[in-house]
Amino acid sequence: MREKGGAAMSDLFFTGSARRTSGAFTVTMKNGDKLAKQLAKLEKGGETALQKTVNDFTSRAPAWVSKGIREHYGVDTAAINEAGPKKKKGASHISVAGVSVAGASLEYKGRTLTPTHFKMSPKSRPTTQQAKQIRVPGQAIATAKGSPVAMVRPPKKYTVKATILKGGRASMSPGTFVAAGNGGSVLPFQRTAEGRTPIEAVRTLSVPQMISGRAKDTIEELIATNLEKRFEHYIQQAMK
């Protein structure tokens, strides 16, 4: 995956500035014909049943969306909650058997995330050193006697990993390291030139990208199935 303004590292990781993304869901009914027949039996109360279903959508759909995402991705719930939902009244409508009511959509907005939201390891820079010492220029370290050379044990090499897709660990490019970024949070970084600088934080998918990606069909199925159950419940209430 190559993002605009960032360098491609693999199919899941890139470097560069965070991008803001958005996506929305609207109310849908799975078995419209069946529901229309039930609704037609009501002399009154059909619009009320539909409106209550819309209200359920705005209050319950975020949990269905979160569940659908987490079936496919290893992202933490905090990142999902931060991305949304933003409720938009009147953005859609439901119409069954000639009865139509104002609906709602749930809009998710979120930046491309760092791998820290995906069970990243290590969570901090390892302190383990290599067993074998190497010779380095004395001026590169603080030596007691100002020796021109020194023997040191360099840090042990490590690989930064994260669970972006559920069921597997993805390794970031060799040379990726973890360090404190702005604000003190520990992030994975990658050098983007031959020298020690510049460096850029590693990023991956955003919540809206997950919603429109592998989780799309699962989320749509969860919403459609649960909305149908809630609508039937309100129809039965109205028929009593």
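We're numbering straight along the sequence, starting at 1.
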Original post:
After noting the C-alpha distance and the side-chain angles of T21 and Y108, does the key distance pass the side-chain contact (heavy atoms from CB on, under 4.5 Å) rule?
Top reply: CA-CA 8 Å; T21 57; Y108 282 74; over 6 Å; no
Original post:
Are R169 and K119 close enough, and set up right, to give a side-chain contact (heavy atoms from CB on, under 4.5 Å), and what steps lead you there?
Top reply: CA-CA 9 Å; R169 298 285 285 170; K119 302 180 179 66; 3.9 Å; yes
**OP:** Kindly determine whether E221 and K216 satisfy side-chain contact (heavy atoms from CB on, under 4.5 Å), including the steps that lead there.
**Re:** CA-CA 9 Å; E221 178 68 20; K216 184 176 185 295; over 6 Å; no
Original post:
Should T192 and I199 be marked as a side-chain contact (heavy atoms from CB on, under 4.5 Å) after you check the CA-CA gap, both sets of side-chain angles, and the distance that decides it?
Top reply: CA-CA 6 Å; T192 56; I199 62 172; over 6 Å; no
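When all heavy atoms are compared, the tightest approach of V186 to S124 is CG1-CA, 4.2 Å. When every heavy atom of I69 is checked against every heavy atom of I211, the shortest pair comes out as CD1-CG1, 3.7 Å. When all heavy atoms of V160 and P122 are compared, the pair lying nearest together is CA-CD, 4.2 Å. S171 and K161 get closest at one heavy-atom pair: OG-CE, 3.5 Å. Across all non-hydrogen atoms, the minimal contact from S66 to T77 is OG-CG2, 4.3 Å. Considering every non-hydrogen atom in both L12 and A170, the closest pair reads CD1-CB, 3.7 Å.
Put simply, the side chain of M172 does not reach to within 4.5 Å of the side chain of Q190, judged on heavy atoms. Between T176 and F13, the closest side-chain pair of non-hydrogen atoms is not below 4.5 Å. Side-chain contact check for P126 versus K156: every heavy-atom pair is 4.5 Å or farther apart. Annotation: side chain of V202 is not in contact with side chain of F14 (no heavy-atom distance under 4.5 Å). Proximity of S22 to E107: side-chain heavy atoms (C-beta onward) are separated by under 4.5 Å at one or more points. At least one side-chain heavy atom of V178 sits under 4.5 Å from a side-chain heavy atom of Y158. Looking at H72 and L165, their side chains never come closer than 4.5 Å, going by heavy atoms from C-beta outward. Using a 4.5 Å cut-off on side-chain heavy atoms (C-beta onward), K52 and F231 make no contact.
Atom OG1 of T218 is separated from atom CD1 of I223 by 11.0 Å, given to the nearest 0.5 angstrom. With rounding to the nearest 0.5 Å, the separation of CD1 in I164 from NE2 in H117 is 10.5 Å. Distance check: T116 OG1 to K123 NZ gives 10.5 Å after rounding to the nearest 0.5 Å.
Without hydrogens or angle criteria, T225 side chain to L222 main chain gives no donor-acceptor distance under 3.5 Å. Looking at Q236, its side chain never comes within 3.5 Å of a backbone N or O of H233 through a donor-acceptor pair. Checked by atom type and distance alone, the side chain of T204 never pairs as donor or acceptor with a backbone atom of P115 at under 3.5 Å. Under a 3.5 Å cut-off, the side chain of T112 and the backbone N or O of L205 do not form any donor-acceptor pair. When atom types are taken as modelled, the side chain of T163 and the backbone of K166 share no donor-acceptor pair closer than 3.5 angstrom.
Contacts of R70 classified as salt bridge (Lys or Arg N to Asp or Glu O under 4.0 Å), with partners at least two apart in sequence or in another chain: none. With sequence neighbours left out, the salt bridge (Lys or Arg N to Asp or Glu O under 4.0 Å) criterion links R214 to no other residue.
Here R111 pairs with E82 in a salt bridge; the nearest charged N to carboxylate O distance falls below 4.0 Å.
Checking each of T53, N55, T48 against Y234 for a side chain to side chain contact (heavy atoms under 4.5 Å, CB included) leaves exactly one that passes, namely T53.
With F57 as the aromatic partner, R230 does not meet the cation-pi criteria of under 6.0 angstrom to the ring centre and within 45 degrees of the ring axis.
Using a 3.5 Å distance cut-off with no hydrogens or angles, the side chains of R20 and S206 do not pair a donor with an acceptor.
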